[in-house]
Enquirer: 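First, the structure itself, so that you have it in front of you.
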Amino acid sequence: MASLNIFSSSIAVGKSTSSLPSPSLFPSNHKPRAARYTPYSASKTSLRLANGHHRGNSELRWKPSSTSPTATVVALVNPQSLKVMISGAPASGKGTQCELIKEKYGLVHISAGDLLREEIAAGTENGRQAKEFMEKGMLVPNEIVVTMVKERLLQPDAEKHGWLLDGYPRSLSQAMALENLSIQPDIFIVLDVSDEILVERVVGRRLDPVTGRIYHLKYSPPENEEVAARLTQRFDDTEEKVKLRLQTHYQNVESVLSIYEAVTFKVNGNAPKEDVFAQIDKALSSVIDKATEIDSSTAAGMAQ
């Protein structure tokens, strides 16, 4: 997969770039009477990171009203409710990185795959249909998943603390469904790992049905024989099925990235997990720091 440019210091509008309007655009005696935050839309304006480092996320859009001098301020992200999507092929390390992100930033971790597996384990009709698609290495239809994801993202804990959406969306139609629901990330993290390593990681992966912990026979073996004896292999973690899943992943990933290109941060997932997280941590911290600066400068402007 080709590397993507990520977050430049300019603000892209269509194919052109522009900077924030200067105060001279407004009358000298003008003071905004009100300001409000509205959700960030990557499809209208965008920010990029260049060379894997955060440069920009300082977007504000001023919309003078035709009926009054009041301006609308649009901020990229509320520092208290960061919205993150993380993507990657099966066994690219999303689970590990999600745990590290959740631990440091307190985001609500939401995995579409886990939501589906809960339905499968419960034997629901949605679960039965989902299993049929997953066993064939195919994507589960949107109508089964998107409502489930939307309802979870809108629960109070996710709205208050921010969310980390793990492994979803996986297709253009899924991404568009979220866009239509005004569900958009502040940053879209992509873990890029070679196919050889991916297959090895999947085939050796085992699940502890008691604790829910994931082990790997080579890289993270169980701590004792008792645990080893109860480990199971997920039905979709065979070499045959992972190759089908990889094929499906590559067929869909580029179209998904076309939706989130403006906020995409691509990481070399072949690196040790600590190094991968260091890059992600820097990007997330920069998003929050810049958003805090925006909030502070906006408040100062309102007070004048």
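Counting begins at 1 with the first residue of the sequence. Nothing here was measured: the structure is a model prediction, and the numbers come from that model. Computation of the quantities below employed the complete heavy-atom set of this structure, encompassing side-chain atoms and omitting hydrogens, waters and symmetry-equivalent molecules.
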Enquirer: Identify the two heavy atoms, one from S171 and one from N142, that lie closest to each other, and give their separation to 0.1 Å.
Expert: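 Residues S171 and N142, closest heavy atoms: OG-OD1, 4.3 Å.
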Enquirer: Between I288 and Y105, does the side chain to side chain contact (heavy atoms under 4.5 Å, CB included) criterion hold? Intermediate values first, please.
Expert: CA-CA 10 Å; I288 293 175; Y105 291 93; 3.8 Å; yes
Enquirer: What are the two closest heavy atoms between V146 and A177, and how far apart are they?
Expert: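 That closest heavy-atom pairing would be CG2-CB, 3.9 Å.
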Enquirer: To check you understand the geometry: which heavy-atom pair defines the closest contact between E200 and H216, and what is its length?
Expert: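 That closest heavy-atom pairing would be O-NE2, 3.1 Å.
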Enquirer: Any chance you could measure L107, atom CG, to H161, atom NE2, to the nearest 0.5 Å?
Expert: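 Spacing of CG (L107) from NE2 (H161) equals 10.0 Å.
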Enquirer: How many angstroms lie between atom CZ of F188 and atom CD1 of I259, to the nearest 0.5 angstrom?
Expert: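 The CD1 atom of I259 is 10.0 Å from CZ of F188, to the nearest 0.5 Å.
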Enquirer: Considering all heavy atoms of both residues, which atom of Q184 and which atom of E179 are nearest to each other, and what is their separation?
Expert: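 For Q184 and E179, the tightest heavy-atom pair comes out as CG-OE2, 3.3 Å.
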Enquirer: Compare all side-chain heavy atoms of E99 with those of H109 and state whether any distance is below 4.5 angstrom.
Expert: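 Yes, side chains in contact.
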Enquirer: Quick check against the 3.5 Å criterion: does S255 have a side-chain atom that pairs as donor or acceptor with the backbone of N252?
Expert: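 Checking the backbone N and O of N252 against the side chain of S255, a donor-acceptor pair under 3.5 Å is found.
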Enquirer: Going by the side-chain contact (heavy atoms from CB on, under 4.5 Å) test, name the single residue among T96, D281, I280 that passes it with I101.
Expert: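 Result for side-chain contact (heavy atoms from CB on, under 4.5 Å) with I101: I280.
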Enquirer: Using the rule given for side chain to side chain contact (heavy atoms under 4.5 Å, CB included), can you reason through K94 versus D166, listing the C-alpha separation, both sets of side-chain angles and the distance that settles it, and then say yes or no?
Expert: CA-CA 7 Å; K94 295 190 300 295; D166 177 0; 3.4 Å; yes
Enquirer: Can you tell me if CD on Q251 sees more than 12 non-hydrogen neighbours from other groups inside 6.0 Å?
Expert: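 Enclosed.
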Enquirer: Is there a chain of hydrophobic side chains (I, L, V, M, F, W, Y, each step under 4.5 Å between heavy atoms) that links F277 to I214?
Expert: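 No; tracing contacts between hydrophobic side chains, which count when under 4.5 Å, never links both residues.
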Enquirer: What residues, two or more places apart in sequence or in another chain, satisfy side-chain contact (heavy atoms from CB on, under 4.5 Å) together with D208?
Expert: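 In terms of side-chain contact (heavy atoms from CB on, under 4.5 Å), with neighbours along the sequence ignored, D208 is linked to V210, T211, Y215, V227, R230, L231.
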Enquirer: Check whether L115 and L154 end up in the same hydrophobic cluster, where Ile, Leu, Val, Met, Phe, Trp and Tyr are linked by side-chain heavy atoms less than 4.5 Å apart.
Expert: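 No: no chain of side-chain contacts under 4.5 Å links L115 to L154.
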Enquirer: Any side-chain to backbone donor/acceptor pair from D237 onto Q233? Under 3.5 Å, distance only.
Expert: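 Absent.
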Enquirer: Please report the interatomic distance NZ(K131) to CD1(I120), rounded to the nearest 0.5 Å.
Expert: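 So the NZ of K131 and the CD1 of I120 are separated by 7.0 Å.
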Enquirer: I'd like to know whether E135 forms a side chain to side chain contact (heavy atoms under 4.5 Å, CB included) with D236, so could you lay out the CA-CA distance, the side-chain angles of the two residues, the decisive distance to 0.1 Å, and finally the verdict.
Expert: CA-CA 6 Å; E135 286 180 333; D236 54 345; over 6 Å; no
Enquirer: Within a radius of less than 6.0 Å around CD of E226, do more than 12 heavy atoms belonging to other residues, nucleotides or ligands occur?
Expert: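 Incorrect, the count does not exceed 12.
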Enquirer: List the steps and the verdict of side chain to side chain contact (heavy atoms under 4.5 Å, CB included) for N268 and V276.
Expert: CA-CA 7 Å; N268 175 14; V276 173; over 6 Å; no
Enquirer: Can any side-chain N or O of D192 pair as donor or acceptor with the backbone N or O of V267 at less than 3.5 Å?
Expert: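 Not a single qualifying donor-acceptor pair exists.
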Enquirer: Are any side-chain N or O atoms of Q247 and backbone N or O atoms of K243, one a donor and one an acceptor, separated by less than 3.5 Å?
Expert: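 Between the backbone of K243 and the side chain of Q247 there is no qualifying donor-acceptor contact (under 3.5 Å).
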Enquirer: Look at the side-chain heavy atoms of Ile, Leu, Val, Met, Phe, Trp and Tyr, link any pair under 4.5 Å apart, and say whether L217 and V242 land in one connected group.
Expert: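 No, L217 and V242 fall in different hydrophobic clusters.
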Enquirer: Quick one: do E151 and Q155 satisfy side chain to side chain donor-acceptor pair (under 3.5 Å)? Show the steps, please.
Expert: CA-CA 7 Å; E151 290 177 352; Q155 288 183 14; over 6 Å; no
Enquirer: If you count the non-hydrogen atoms of other residues, nucleotides and ligands that lie under 6.0 Å from CD in E225, is the total more than 12?
Expert: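 No - once you tally the heavy atoms of other residues, nucleotides and ligands closer than 6.0 Å, there are 12 at most.
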Enquirer: Shared ILVMFWY cluster between L244 and F235, side chains joined below 4.5 angstrom?
Expert: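 No, separate clusters.
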Enquirer: Specify the closest pair of heavy atoms between I86 and L191, including all atoms of both residues, with the distance to one decimal.
Expert: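 That closest heavy-atom pairing would be CD1-CD1, 4.1 Å.
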Enquirer: Please determine if R128 and E132 form a salt bridge, counting it only when a charged side-chain N lies under 4.0 Å from a carboxylate O.
Expert: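 So R128 pairs with E132 through a salt bridge.
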Enquirer: Under a 4.5 Å cut-off applied to non-hydrogen side-chain atoms, are V84 and L165 in contact?
Expert: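 No, side chains not in contact.
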Enquirer: My understanding is that only one of T248, V199, L246, L198 makes a side-chain contact (heavy atoms from CB on, under 4.5 Å) with P90; could you say which?
Expert: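 The side-chain contact (heavy atoms from CB on, under 4.5 Å) with P90 is passed solely by L246 among T248, V199, L246, L198.
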Enquirer: Nearest 0.5 Å, please: how far is CH2 in W163 from CG in D157?
Expert: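 The CG atom of D157 sits 13.0 Å away from the CH2 atom of W163.
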Enquirer: Can you confirm whether E143 is buried at CD, in the sense that more than 12 heavy atoms of other residues, nucleotides or ligands lie under 6.0 Å from that atom?
Expert: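 Yes, the 6.0 Å shell around CD holds more than 12 heavy atoms from other groups.
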Enquirer: Between R117 and D114, is the closest basic N to carboxylate O distance under 4.0 Å?
Expert: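 Yes, this pair counts.
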Enquirer: Is there a continuous path of hydrophobic side-chain contacts, each under 4.5 Å between heavy atoms, that joins F265 to L100?
Expert: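 Same hydrophobic cluster.
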Enquirer: With rounding to the nearest 0.5 Å, note down the distance linking CZ in R152 to OG in S111.
Expert: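 The CZ atom of R152 sits 11.5 Å away from the OG atom of S111.
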Enquirer: With a 4.5 Å limit on heavy-atom distance, are the side chains of I144 and L116 in contact?
Expert: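 When only atoms from C-beta onward are counted, L116 and I144 do touch, with a gap below 4.5 Å.
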Enquirer: Is it the case that the side chain of Q97 and the backbone of K273 share a donor-acceptor pair, with hydrogens and angles ignored and the cut-off at 3.5 Å?
Expert: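 Yes, the answer is positive, given that a donor and an acceptor are paired below the 3.5 Å cut-off.
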Enquirer: Are the side chains of R234 and R205 in contact, using a 4.5 Å heavy-atom criterion?
Expert: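 The answer is yes; the side chains approach within 4.5 Å.
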Enquirer: Taking all heavy atoms of K160 and all of S81, pick out the closest pair and write down the distance.
Expert: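 Here K160 and S81 meet closest at O-CB, 4.2 Å.
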Enquirer: Working to the nearest 0.5 angstrom, can you tell me the gap between L164 CG and K83 NZ?
Expert: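 Here the interatomic distance stands at 13.0 Å.
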Enquirer: Ignoring hydrogens and angles, tell me if any N or O in the side chain of E274 forms a donor-acceptor pair with the backbone of A278 under 3.5 Å.
Expert: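 Absent.
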